[in-house]
Amino acid sequence: MIEHNLKFYLKKYFGYSSFKEGQEEVIKALIDQKDAVAILPTGTGKSMCYQLTGKLLDGTVIIVSPLLSLIQDQVEQLRFQGERRVLALTSNLTYSEKNYALQNLHTYKYIYLAPEMLQNNEVLARLQQQKISLFVVDEAHCISQWGPDFRPDYLELGKIREKLGNPLTLALTATASQQTINAIMSGLELDQSATKVVRKSVDRENIFLSAFKFNNEQDKLEKLFDLLNTIKGPGLIYFSSKKKANEITEKIKAKTSLKVAAYHADLDMNDRFIIQHQFLDNKLDLICATSAFGMGINKENIRYVIHYHLPGELESYIQEIGRAGRDGKQSIAILLYQKGDEGIQQQLSLNNIPDNQMIDYYINNKQQFAETDNESIQLLNKISNLYSSKEELQSFFLQRKRQKFNSLQQMLQYVDTNECKRQYILDYFEDNKKIDHHELCCQKLNDDLPLKELGLIFDENEQKSLKIEEFYKIIDKIFRT
DNA sequence: CGAGAGTACTATAAAGTACTCTCGGTGCATTATT
């Protein structure tokens, strides 16, 4: 009966009169007690999928989320909508707050937490006593992207689900290849044949795709500044190194009138918050960032995403350029590749994976490693708990190494390909969509950018009208208060 | 891994060569003290 009235409840609880693409399909599956994996582009209301379902089912919704800032945002959003039974079960709580929350878990409808928190015995025990209507994993690509070598607790979610009595489950993400979808399902121990997969095309038609290749850094820098002086912002430049992000930020400050800031993990939370909000308020023209910048940041009018270094895999690349053009207006992705840049990625990922010899040594001396401050050994400790034999562990890392190597090769092929870059991406994601290649779709390596045709040339008059817009905003604020 | 910076060497001196050194991302929770 409920499913016929989904729209009614959408209106009743959230005030919307229609669903966005994919939402209804996901919610219907969940109401039918069917697990679901949903790959929906950012901005299409992924969280509505569990928010509405939560209202309709009896019990608590648990949402596993990778970042405290994301949890914060979601909690605020729900509270703003009038839902008071929301809990952010994180390390931000004081000891007594946490205690109170755990004693009163049954009073909450939505509980947000990071996967690490589920490793806490008391938290798990309390949750086991709850009636859980839905177990949600937000940003579920983290299972395969972060689980194996960064945040291993992502690999434990399957076991956690089991300990919680295999509750109805929903995995959400914006970008996932078939390989990633499979990793998500097996990581969560979902029955592949019984899981509903809802997947919308990853294609973002309003983002023009381009790449350039350089023999030395001087040429690359020249191109970068050439771009910065002509292209319309606001924009984002991605780096694989914090040092480089700082360095180029200073160069841009010195050589242009652009307002720019660097953003990476060396900044404290306060600075990050300030920079993020200045950027959102159009008080910064661009940000030089590492991969720390992105998840959960919703700025609509980013016009360009430049990559000064290439990421380790196409999936990350798509996530990063996908931050452009959320408003649907024409935007551009420009990859600046210099021969040898892949060495950074190789060092960052590939060479950090232990080889057979190291695993051998680790297994033979395991007791010595039980208590350690070394993060990579802590990681090894966690992962080795998932496998019963040395051979299994070795093959896990070998497979990981191969996978990373292949991902990097595919990234390089993307740069080099003379075919339609958009089609290359869609084929990689096993997206069935076929592209009708046209002039404003993408271009071959080193072709001149059609910035004029794309309407992406920096225009002073437009800057002025932007300032008028700002002026109206200020007036608006004054009159409201 | 591999690029770029830095250093030592050569020996008319200056600038080129060869060598070594350095560097590289993402965050949760938790601890014991102030």
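Every heavy atom of this structure was used, including side-chain atoms; hydrogens, water molecules and symmetry mates were not. Throughout, protein chains are lettered first and strands after them, A, B, ... in sequence-line order, and every chain is numbered starting at 1.
A:Gln319 places its CD atom 19 Å from the P atom of B:dG25, with the value rounded to the nearest Å. The nearest whole Å value for the distance from the CD1 atom in A:Ile353 to the P atom in B:dC1 is 15 Å. Rounded to an integer number of Å, the gap from NE2 of A:His307 to P of B:dG25 is 15 Å. Distance CG (A:Leu336) to C1' (B:dA3): 17 Å, rounded to an integer number of Å. Between A:Glu217 atom CD and B:dG2 atom P the separation is 17 Å, expressed in whole Å. To the nearest angstrom, P of B:dT26 lies 17 Å from CG of A:Leu379. Rounded to an integer number of Å, the gap from A:Lys220 NZ to B:dG2 P is 15 Å. One can place CZ of A:Phe214 at 16 Å from C1' of B:dA3, the figure rounded to the nearest angstrom.
Atom P of B:dG24 sits at a distance of 30 Å from the matching atom of B:dT30, rounded to the whole Å. Going from the C1' atom of B:dT10 to that of B:dA14 covers 11 Å, rounded to whole Å. One P atom belongs to B:dT33, the other to B:dC28, and the distance between them is 25 Å to the nearest Å. Rounded to whole Å, the C1' atom of B:dT17 lies 16 Å from the corresponding atom of B:dA13.
Both distances falling under 3.5 Å, in either a Watson-Crick or a G-U wobble arrangement, place B:dC9 opposite B:dG16. With a cut-off of 3.5 Å on both pairing distances, B:dT30 has no Watson-Crick or G-U wobble partner at all. Nucleotide B:dC23 forms a Watson-Crick or G-U wobble pair with B:dG2, both donor-acceptor distances falling under 3.5 Å.
Side-chain N/O atoms of A:Tyr108 and A:Gln130 include no donor and acceptor closer than 3.5 Å.
Under the 3.5 Å distance criterion, the side-chain polar atoms of A:Glu320 are left unmatched by any main-chain donor or acceptor of A:Ser291. Remark: side-chain polar atoms of A:Ser133 are paired, donor with acceptor, to backbone N or O of A:Thr60 under 3.5 angstrom. Using a distance-only test at 3.5 Å, with no hydrogens or angles considered, a donor-acceptor pair links the side chain of A:Glu392 to the main chain of A:Ser388.
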Table of protein N/O atoms under 3.5 Å from nucleotides 27-30 of chain B N/O atoms:
residue, atom, partner, partner atom, Å
B:dG27, OP1, A:Arg272, NH1, 3.3
B:dG27, O6, A:Glu375, OE1, 2.4
B:dG27, O6, A:Glu375, OE2, 3.3
B:dG27, N1, A:Glu375, OE1, 3.4
B:dC28, OP1, A:Leu68, N, 2.7
B:dC28, O4', A:Arg151, NH2, 3.3
B:dA29, OP2, A:Ser91, N, 3.4
B:dA29, OP2, A:Ser91, OG, 2.5
B:dT30, OP1, A:Lys98, NZ, 3.4
B:dT30, OP1, A:Asn120, ND2, 3.1

Tabulated below should be each protein N or O lying under 3.5 Å from an N or O of nucleotides 21-24 of chain B; please produce it.
residue, atom, partner, partner atom, Å
B:dG24, O3', A:Ser240, O, 3.3

Detail all sub-3.5 Å separations between protein N/O atoms and N/O atoms belonging to nucleotides 32-34 of chain B.
none

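The ring pair (Phe, Tyr, Trp, His ring centres under 6.0 Å) test with A:Tyr414 singles out one residue from A:Tyr337, A:Phe429, A:Tyr317, and that residue is A:Tyr317.
Note on A:Lys339: only backbone sugar-phosphate atoms sit closer than 4.0 angstrom, heavy atoms only; bases stay farther off. Looking at heavy-atom distances under 4.0 Å, A:Gln345 makes no contact with the nucleic acid at all.
The aromatic rings of A:Phe369 and A:Tyr362 lie parallel to each other, their planes meeting at an angle below 30°, with 60° marking the opposite boundary. Aromatic ring pairs are classed by plane angle as parallel below 30°, tilted from 30° to 60° and perpendicular above 60°; the pair A:Phe293 and A:Phe279 is perpendicular. Between A:Phe273 and A:His277, the ring planes are tilted. Angles from 30° to 60° get that label.
Heavy-atom distances to DNA chain B give each of A:His264 and A:Gln218 a nearest nucleotide, and the one nearer the 5′ end belongs to A:Gln218. Two residues, A:Ser349 and A:Glu342, neighbour DNA chain B, and the one matched to the more 5' nucleotide by heavy-atom proximity is A:Glu342.
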*For the pair A:Glu217 and A:Tyr308, evaluate side-chain hydrogen bond (donor to acceptor under 3.5 Å, both in side chains) and give the outcome as yes or no after the intermediate values.*
CA-CA 10 Å; A:Glu217 192 170 8; A:Tyr308 194 85; 2.7 Å; yes
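You'll find the side chain of A:Leu449 reaches within 4.5 Å of the side chain of A:Phe208, heavy atoms only. At least one side-chain heavy atom of A:Tyr304 sits under 4.5 Å from a side-chain heavy atom of A:Leu286. Using a 4.5 Å cut-off on side-chain heavy atoms (C-beta onward), A:Glu139 and A:Trp146 make no contact. Contact check for A:Val136 versus A:Leu172: side-chain heavy atoms found under the 4.5 Å cut-off.
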